[in-house]
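Down below is the structure, laid out as structure tokens.
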Amino acid sequence: MIAIIEYNAGNSRSVYNALNRLNCEAVITSDKEIISTADKVIFPGVGEASSAMKFLRETGLNQTILNLKQPVLGVCLGLQLMCSYSEENDTECLGIFENRVLAFPSDEPVPHMGWNNFTKADGALFEGIEISDDVYYVHSYYAELSKESNAITQYMVGYSAALQKDNFYATQFHPEKSGDVGSKILQNFIEL
Amino acid sequence: MLKKRIIPCLDIKDGRTVKGINFEGIRDAGDPVELARKYSETGADELVFLDITATVEKRKTLIELVERISEEIQIPFTVGGGIKSVEDAVALVRAGADKISVNSSAVNRPELIRELAKELGSQCVVLAIDTKVVKNEDRVVIRGGRNVTKWRTVDWAKEGVALGAGEILLTSMGRDGTKDGFDIGITNKVANEVNVPIIASGGAGSMPHFTNVFSMTKATGALAASVFHFGEIAIPDLKDFLKTQNIAVR
């Protein structure tokens with residue numbers, strides 16, 4: 001069973017539906033006990049960093065997430081909150097990944113919105129995925145590159161399309177909105 | 001590389017698609033969910049659902065429809081029409097809409113854009129602008145072009161972005177339904193003044209029209225309805241064609 005963390009910045013429903021289509025049992029919850037004991041956890045998110053972090057701290061969900069030992073997948077804002085710091089309203093984040101999250105420059109339209117391919121896509125989540133495959137993004141801030149960037153995308157700058165460290169996985173794009181390619185990536189997570 | 005987006009638009013009334021739709025392999029052309037699935041499978045990059053239901057009671061039908069669409073398709077979709085408050089928008093987003101679009105309600109009360117962006121994030125808020133040339137000036141119109149507002153189009157786009165809109169869906173009323181091609185002029189004027197993604201709309205009639213709007217403007221998306229619904233342009237053919245024209249598409 002996969003627990004989808006419900007908090008004040010979720011698009012939990014879309015993630016839940018995508019897992020359902022893959023015949024994967026899932027529950028949307030903010031119950032720490034259920035989250036802690038689930039086989040896997042998805043930490044979704046659409047919204048703004050500082051209010052999301054404030055909510056996580058006030059509810060203690062931040063500690064729950066940091067203590068998870070099972071595979072965890074952060075999505076979009078979820079990825080950004082798993083980094084060390086976000087420029088979005090000067091927010092200290094969970095620090096699972098050392099990367100900082102920065103605002104895009106303004107040479108091209110922001111948000112980065114639409115389908116984009118990879119310049120690198122390695123690791124277990126990207127089994128069977130080609131760098132020419134497109135996935136769906138919508139975000140105004142990006143996680144800079146580090147050794148934990150196992151997938152990279154280019155939009156004005158090269159940045160972390162996905163991060164991985166130990167049991168923590170994260171994607172900046174929305175696998176739950178990325179058609180067949182996204183389904184494959186979610187399936188890879190389910191099979192970890 | 002970020003791809004240009006091809007976006008079919010479906011008009012919805014009382015939970016059903018409105019315009020006559022002629023699509024091979026569709027059993028019930030009036031069912032938005034079946035159409036959405038068909039478009040998703042044939043390579044549409046996003047979908048826009050525009051609810052033209054007049055009555056408030058029917059909003060529940062729309063919510064249920066959005067829930068079904070979200071269950072069935074795995075590409076992003078925008079829902080617009082009649083959203084006048086944060087509550088309206090939140091209900092649609094909770095049901096599974098990725099983005100919501102506002103048009104006349106934002107003209108009537110611009111602060112709505114700020115409220116929506118604060119609650120849902122700018123990436124969720126599409127400002128739909130209907131524009132028309134009135135006395136040699138690009139002006140924002142509402143009610144299908146019947147009412148000319150005080151806003152110059154470029155000024156309203158800038159104001160909308162300043163208030164928090166994350167994307168602009170720009171429909172040229174002078175081109176809508178003409179099949180004469182997208183309105184390159186106004187698309188450029190708006191795209192040169194704001195730094196959010198622009199979806200051009202109105203006038204699509206042939207595949208080269210899509211080449212033109214993507215090569216001659218900064219629009220990152222192009223929206224059309226009838227050419228897709230009536231099968232005049234099949235999305236896979238359009239994508240193949242655009243690739244031969246060196247337009248990056250998925």
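Keep in mind the model is a prediction, meaning the values are calculated, not measured. Order of the sequence lines sets the chain letters (A, B, ...), proteins ahead of strands, with each chain counted from 1.
Chain B forms more heavy-atom pairs under 4.5 Å with one residue of Glu108(A), Gln154(A), His139(A) than with any other, namely Glu108(A). Of the listed residues (Glu71(B), Arg5(B), Glu41(B), Glu46(B)), the greatest number of heavy-atom pairs within a distance under 4.5 Å of chain A belongs to Glu71(B).
Within the 4.5 angstrom heavy-atom criterion, atoms from both the backbone and the side chain of Ser106(A) approach chain B. For Ser40(B), no part lies under 4.5 angstrom from a heavy atom of chain A. Only the side chain of Glu167(B) comes within contact range of chain A, with heavy atoms under 4.5 Å apart. With a threshold of 4.5 angstrom between heavy atoms, Lys4(B) does not approach chain A through any atom at all. Looking at Thr119(A), neither its backbone nor its side chain comes within 4.5 Å of chain B, counting heavy atoms on both sides. Only the backbone of Ile73(B) comes within contact range of chain A, judged by heavy atoms closer than 4.5 Å. Within the 4.5 angstrom heavy-atom criterion, no atom of Asn20(A) approaches chain B. Both the backbone and the side chain of Arg250(B) come within less than 4.5 Å of a heavy atom of chain A. Looking at His174(A), neither its backbone nor its side chain comes within 4.5 Å of chain B, counting heavy atoms on both sides. Interface remark: Ala95(B) contributes backbone atoms only to the contact with chain A (heavy atom separation under 4.5 Å).
With no hydrogens or angles considered, a side-chain donor-acceptor pair links Asn89(A) and Glu48(A) at under 3.5 Å.
For the pair Gln74(B) (side chain) and Pro175(A) (backbone), a donor-acceptor distance under 3.5 Å is present. Between the side chain of Asn167(A) and the backbone N or O of Leu68(A) there is at least one donor-acceptor pair closer than 3.5 Å.
Counting non-hydrogen atoms of other residues, nucleotides and ligands closer than 6.0 Å to NZ of Lys84(B) gives a total of 12 or fewer.
In plain terms, the two heavy atoms of Leu92(B) and Ile63(B) that are nearest each other are CD2-CD1, 3.8 Å. Of all heavy-atom pairs between Pro111(A) and Val138(A), the closest is CB-CG2, 4.4 Å. Across every non-hydrogen atom of Ala103(A) and Tyr142(A), the tightest pair is O-CE2, 3.5 Å.
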